[in-house]
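Here is the structure we will look at.
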Amino acid sequence: MKIATWNVNSVRSRLERLTNFLFRHQPDIVCLQELKCLEEVFPYNEIRAAGYFAAVHGQKTYNGVAVLSREEADEIRCGFEDNVEDSEARLIWARFGNMQVISVYVPNGSEIGSDKWHYKLAWLERLQKYLIINFPDKDSPLIICGDTNIARDQLDMADPPAWENTVLYHPDIVRPFESILKGGLVDVFREKNPEGKIYSWWDYRQLAFPRNDGLRLDYILTSRPLAARCTAAYVDRDERKGEKPSDHAPVLAEFD
DNA sequence: ATGGTAGACGCTCTA
């Protein structure tokens with residue numbers, strides 16, 4: 001089983017890249033973030049022609065998440081369903097038999113102390129609560145993929161001092177993220193690449209990609225029994241090259 | 001403190 005996660009930065013402007021990616025890798029599941037479109041204009045036909053079903057939680061201009069799959073999901077749910085008023089499409093859950101897959105797009109946070117920063121902190125608390133309430137069986141097959149907008153530690157940053165106390169690396173977000181992991185999830189990329197210094201995002205500006213001045217912001221997290229069956233995890237850097245790349249490269253993991 | 005780039009939308013916001 002092959003799983004991928006990719007912040008595509010607009011699914012419509014990245015459609016040809018995405019279908020080529022699907023053809024090249026033949027993943028079973030792909031979690032997408034930053035669709036930047038409503039469900040009614042999501043390119044279902046092209047994705048279906050590429051051999052995939054799509055569970056979509058869309059939003060105009062911003063955010064938007066999806067789960068693409070070879071087999072159609074048995075059940076789909078959007079958002080935390082926690083009665084908090086929230087118009088941002090940042091989480092979708094899909095069930096395939098007893099396996100559950102979640103695509104997440106954690107808020108960026110803009111600037112420390114800003115309204116968006118406080119929204120990010122609150123969102124992470126809601127995510128933690130959501131996981132505790134909805135996934136009490138820590139041994140059931142669960143996969144959470146997405147752009148967390150969080151680097152865990154120095155191994156996830158090319159230039160750690162540059163990111164100290166920014167919205168992408170700050171104790172107030174690293175702490176809850178580590179707490180979520182301790183709740184029974186494994187960062188399978190880290191497990192397979194303990195030496196770190198491999199990134200999934202590079203700013204479009206200042207030649208960040210050619211200088212490999214990146215961060216690892218995109219994660220594949222799984223429950224422990226699934227993680228034990230992970231055979232490989234890697235970043236497809238080629239997708240950050242060439243014409244019109246997303247600023248994120250896909251992260252992939254394979255399971256026996 | 002600013003600006004560098006990209007995408008969607010509509011002359012600005014978000015990342």
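Chain naming here is simple, since letters A, B, ... match the order of the sequence lines and numbering starts at 1 in each.
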Next item on the list: Could you work out the separation of dG10(B) and dT14(B) based on their P atoms and round it to a whole Å?
Entry: 14 Å

Note to self: What is the distance, to the nearest angstrom, from the CD atom on Glu34(A) to the P atom on dA15(B)?
What the structure shows: 7 Å

Next item on the list: Rounded to the nearest angstrom, tell me the gap between atom CG in Asp147(A) and atom P in dA15(B).
Entry: 10 Å

Check: CZ of Arg17(A) versus C1' of dG7(B): gap in Å, rounded?
Finding: 15 Å

Notebook entry, point to check: Once the angle between the rings of Trp202(A) and Tyr199(A) is folded into 0 to 90°, is it parallel (under 30°), tilted (30 to 60°) or perpendicular (over 60°)?
Noted result: perpendicular

Next item on the list: May I ask you to decide if the ring planes of Phe21(A) and Trp6(A) are parallel, tilted or perpendicular, using 30° and 60° as cut-offs?
Entry: tilted

Item checked: Salt bridge Glu111(A)-Lys116(A), side-chain N to carboxylate O under 4.0 Å -> no

Check: Roughly, in whole Å, what's the span from CG in Asn7(A) to C1' in dA8(B)?
Finding: 15 Å

Next item on the list: Write down the distance separating the P atoms in dT5(B) and dC9(B), rounded off to the nearest Å.
Entry: 23 Å

Checklist line | Closest nucleotide among dA6(B), dA8(B), dA15(B) to the Tyr204(A) side chain | finding: dA6(B)

Check: Out of dG4(B), dA6(B), dA15(B), which has the shortest distance to the side chain of Gln206(A)?
Finding: dG4(B)

Margin query: Reading DNA chain B from 5' onward, which residue's closest nucleotide shows up sooner: Asn63(A) or Lys244(A)?
Written below: Lys244(A)

Next item on the list: Grab the CZ-C1' distance between Arg14(A) and dT5(B) for me, whole Å please.
Entry: 12 Å

Check: Does some side-chain heavy atom of Gln26(A) sit less than 4.5 Å from a side-chain heavy atom of Arg70(A)?
Finding: yes

Item checked: Closest to side chain of Tyr62(A), choosing from dC9(B), dA15(B), dG7(B) -> dG7(B)

Note to self: Measuring only the P atom in each nucleotide, how far is dA1(B) from dG7(B)? A whole number of Å is fine.
What the structure shows: 30 Å

Notebook entry, point to check: Is any side-chain nitrogen or oxygen of Lys60(A) closer than 4.0 Å to OP1 or OP2 of dA8(B)?
Noted result: no

Notebook entry, point to check: Which comes earlier along DNA chain B counting from the 5' end, the contact point of Glu88(A) or that of Arg205(A), where each point is its nearest nucleotide?
Noted result: Arg205(A)

Checklist line | Atom-pair distance (CD on Glu239(A); C1' on dA6(B)), nearest Å | finding: 17 Å

Check: In whole Å, what is the span from the CZ atom of Arg240(A) to the P atom of dA6(B)?
Finding: 9 Å

Checklist line | Trp201(A) side chain reached by Arg216(A) side chain, heavy atoms, under 4.5 Å | finding: no

Next item on the list: Select base, sugar-phosphate, or nothing to describe what Phe209(A) touches, counting heavy atoms under 4.0 Å on all strands.
Entry: nothing

Next item on the list: For nucleotides dT2(B) and dC11(B), find the distance between their P atoms and express it as a whole number of Å.
Entry: 24 Å

Next item on the list: Using whole Å, report how far CZ of Arg90(A) lies from P of dT14(B).
Entry: 11 Å

